[in-house]
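Here the structure comes first, spelled out in structure tokens, and everything after it is commentary.
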Protein chains: 2
Amino acid sequence: MSDHDEILVALRRITRAIDLQSKRLVKATGLTAPQLVVIDTLRKRGDMSPSAIARAVSLSQATITSILDRLVQAGLVERVKSDTDKRVVMAKLTPKGVEASDNSPELLQAGFLRSFRTLQPWEQNMLIASLQRIAELMDAEELDAAPFLEPGELHP
Amino acid sequence: MSDHDEILVALRRITRAIDLQSKRLVKATGLTAPQLVVIDTLRKRGDMSPSAIARAVSLSQATITSILDRLVQAGLVERVKSDTDKRVVMAKLTPKGVEASDNSPELLQAGFLRSFRTLQPWEQNMLIASLQRIAELMDAEELDAAPFLEPGELHP
DNA sequence: GCATTTTGCTATGAGGTCAAAGCTTTGATG
DNA sequence: CATCAAAGCTTTGACCTCATAGCAAAATGC
């Protein structure tokens, strides 16, 4: 298998594990991983606009809108229109939302974290650094990738 | 930020980059990343059943069914009932499917691969090994994670 | 041989995710 | 001011993803 394929398969295994964990969280807490990420972010940083949340958690604004819809539905978040700029909506945790955040389990599988923490510190650091390195290489790509696929760009 | 959060954020950045790349592929080829993965797998390994594809690419059987639906729709794949075991359906590339596979671009961003390949070989290997290590730690979790949430299992 | 279980696939329903289009408000330009 | 552009959010539509439930066929048990 090529490097390319090995990377792809490893990433797929990881994203699948995360997805399955998210489904598991739903049963345990009624909330999915993205929903928990959002309320945890609000808990830590206070009221935020959808666009600010999107930047903080690396999701699109549209995705945050749909996640907020469900959190509002569940009574964990309120939308409050800003007075200074009427375009802006602030997402605000309700008391119930605060409680949910305080009681939320960690988002990575307990077993994964347990195993991870038994590794040598240097190994833990190396794994985290590797993930961040890969994220960087991919993020960097975002900045100038789009033009490569514009019509006419392939054979200028 | 805790290790836990750093891992989460890095993973989110990576999955987002992959997702955006998939959207970009749609515009260039009309096919999404999962669809390309499936036809590439069929191209390399020949006709396969949905369950075999699911195992090969780390997706659920249900997901493969829906991806095959769209590939059939697009005329790239045929479903052929097995003679020996009538439960089994074989996914088979059509000539058009073979052609699409042969012309398909790589699934990771070109710029990512370019950058990646400029790294020292030991560094490339380390990154791949790290990804696989993390995938292992998470996969391992899958095997016995479910029971942890079964009713009655928490306090046996 | 027949009943039960297992295996393989598909259908259903719910979230997640994004781009693009649409709406409102703000800001800049003349 | 009046106009036009930009910014912020939501809507729409498409696909991915899974669990669960359903259906059919094969394998196992008695």
Side-chain angles (χ1 to χ4, degrees), chain A residues 12-27 29-38 48-55 57-74 79-91 107 142 146 149, chain B residues 11-38 48-55 57-74 79-91 107 142 146 149:
Chain A
R12 183 86 268 290
R13 284 168 64 194
I14 293 171
T15 56
R16 179 178 168 83
I18 292 171
D19 197 68
L20 293 176
Q21 166 69 355
S22 179
K23 300 276 159 76
R24 212 175 290 135
L25 286 172
V26 175
K27 298 198 170 171
T29 70
L31 298 172
T32 64
Q35 291 170 6
L36 286 170
V37 169
V38 168
M48 290 173 79
S49 69
S51 54
I53 299 173
R55 279 190 299 273
V57 304
S58 282
L59 286 170
S60 75
Q61 210 169 346
T63 301
I64 297 299
T65 293
S66 78
I67 292 173
L68 287 179
D69 285 347
R70 292 186 190 85
L71 291 174
V72 169
Q73 179 83 23
R79 284 196 241 240
V80 184
K81 279 212 159 162
S82 164
D83 280 337
T84 60
D85 184 337
K86 286 183 207 148
R87 291 171 302 183
V88 175
V89 172
M90 285 305 217
L107 290 167
E142 289 316 316
L149 293 173
Chain B
L11 291 174
R12 183 86 267 290
R13 285 168 64 195
I14 293 171
T15 55
R16 179 178 168 82
I18 292 171
D19 197 65
L20 292 177
Q21 165 69 356
S22 178
K23 299 276 158 77
R24 214 175 288 134
L25 286 172
V26 175
K27 297 198 170 173
T29 70
L31 298 172
T32 64
Q35 290 169 7
L36 286 170
V37 168
V38 168
M48 291 172 80
S49 69
S51 54
I53 299 173
R55 279 190 298 273
V57 303
S58 282
L59 287 170
S60 75
Q61 210 168 347
T63 301
I64 297 298
T65 292
S66 78
I67 292 173
L68 287 178
D69 285 347
R70 292 185 192 87
L71 291 174
V72 168
Q73 180 82 23
R79 284 196 240 240
V80 184
K81 280 212 159 163
S82 164
D83 281 336
T84 60
D85 183 339
K86 285 183 208 150
R87 290 170 304 183
V88 175
V89 173
M90 285 305 216
L107 290 167
E142 290 315 316
L149 294 172

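In what follows, chains carry the letters A, B, and so on, assigned in the order in which the sequence lines appear, proteins first and then strands, with residues in each chain numbered from 1.
- Between Arg16(B) and dT17(C) there is no side-chain N or O to OP1 or OP2 distance below 4.0 Å.
- The closest side-chain heavy-atom distance from Arg24(A) to Lys27(A) is not below 4.5 Å.
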In sequence, state the C-alpha distance, the side-chain angles, and the governing distance for Leu31(A) and Leu71(A), and then conclude on side chain to side chain contact (heavy atoms under 4.5 Å, CB included).
CA-CA 9 Å; Leu31(A) 298 172; Leu71(A) 291 174; 4.2 Å; yes

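- You'll find that the side chain of Thr63(B) is closest to dT17(D), out of dT17(C), dT17(D), dG8(D).
- Rounding to whole angstrom units, CD of residue Gln61(A) and P of dT17(C) are separated by 15 Å.
- For the side-chain contact (heavy atoms from CB on, under 4.5 Å) test with Leu68(B), the passing option among Val89(B), Val38(B), Thr63(B) is Val38(B); the others fail.
- Residues of residues 66-74 of chain B having a heavy atom closer than 4.0 Å to DNA chain C: none are found.
- Across the interface with DNA chain C, nearest-nucleotide mapping of Ala62(B) and Gln35(A) shows Ala62(B) to be the residue nearer the 5′ end.
- Phosphate proximity of dC16(D) to Thr32(B): present, with a side-chain N or O under 4.0 Å from OP1 or OP2.
- Atom CG of Leu36(A) and atom P of dG16(C) are 10 Å apart (whole Å).
- Between Asp19(A) atom CG and dA14(C) atom C1' the separation is 12 Å, expressed in whole Å.
- Between dT10(D) and Arg79(A), a contact under 4.0 Å exists linking OP1 or OP2 to a side-chain N or O.
- Counting any heavy atom pair closer than 4.0 Å across all strands shown, Leu59(A) reaches sugar-phosphate atoms only and no base atom.
- To the nearest angstrom, P of dT17(D) lies 15 Å from CD1 of Ile14(A).
- Scanning both residues, Ser58(B) and Arg13(A), for their nearest heavy atoms gives OG-CG, 3.5 Å.
- When distances run from any side-chain atom of Pro50(B) to the nucleotides dG15(C), dC9(D), dC9(C), the shortest one goes to dC9(C).
- Side chains of Ile67(B) and Thr32(B) form no contact here, defined as non-hydrogen atoms less than 4.5 Å apart.
- Atom CG of Leu25(A) is separated from atom P of dA14(C) by 20 Å (rounded to the nearest Å).
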Trace of the side chain to side chain contact (heavy atoms under 4.5 Å, CB included) decision for Ile14(A) with Thr15(B)
CA-CA 10 Å; Ile14(A) 293 171; Thr15(B) 55; over 6 Å; no

Sort me out a list of protein N/O and nucleotides 24-29 of chain D N/O pairs below 3.5 Å, or just none if empty.
| unit_1 | atom_1 | unit_2 | atom_2 | d |
| --- | --- | --- | --- | --- |
| dA26(D) | OP1 | Lys86(B) | N | 3.0 |

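- Computed from coordinates, the Arg12(A) CZ to dC16(D) C1' distance equals 9 Å when rounded to whole Å.
- The heavy-atom pair separating Leu59(B) from Arg12(A) by the smallest distance is CD2-NH1, 2.7 Å.
- In this structure the side chain of Asp83(B) never reaches within 4.5 angstrom of the side chain of Met90(B), judged on heavy atoms.
- Atom CZ of Arg13(A) and atom P of dT17(D) are 17 Å apart (whole Å).
- Test Leu20(A), Asp19(A), Ile18(A) against Arg16(A) for side-chain contact (heavy atoms from CB on, under 4.5 Å) and you get one pass: Leu20(A).
- Ranking dT17(C), dG8(D), dG15(C) by closeness to the Ser51(A) side chain, first place goes to dG8(D).
- Following rounding to the nearest Å, Ile64(B) (CD1) and dT17(D) (P) show an atom-to-atom distance of 8 Å.
- Comparing dA20(C), dC9(D), dT17(D) by their closest approach to the side chain of Lys27(B) singles out dA20(C).
- Side-chain N/O atoms of Arg70(B) and Gln73(B) include no donor and acceptor closer than 3.5 Å.
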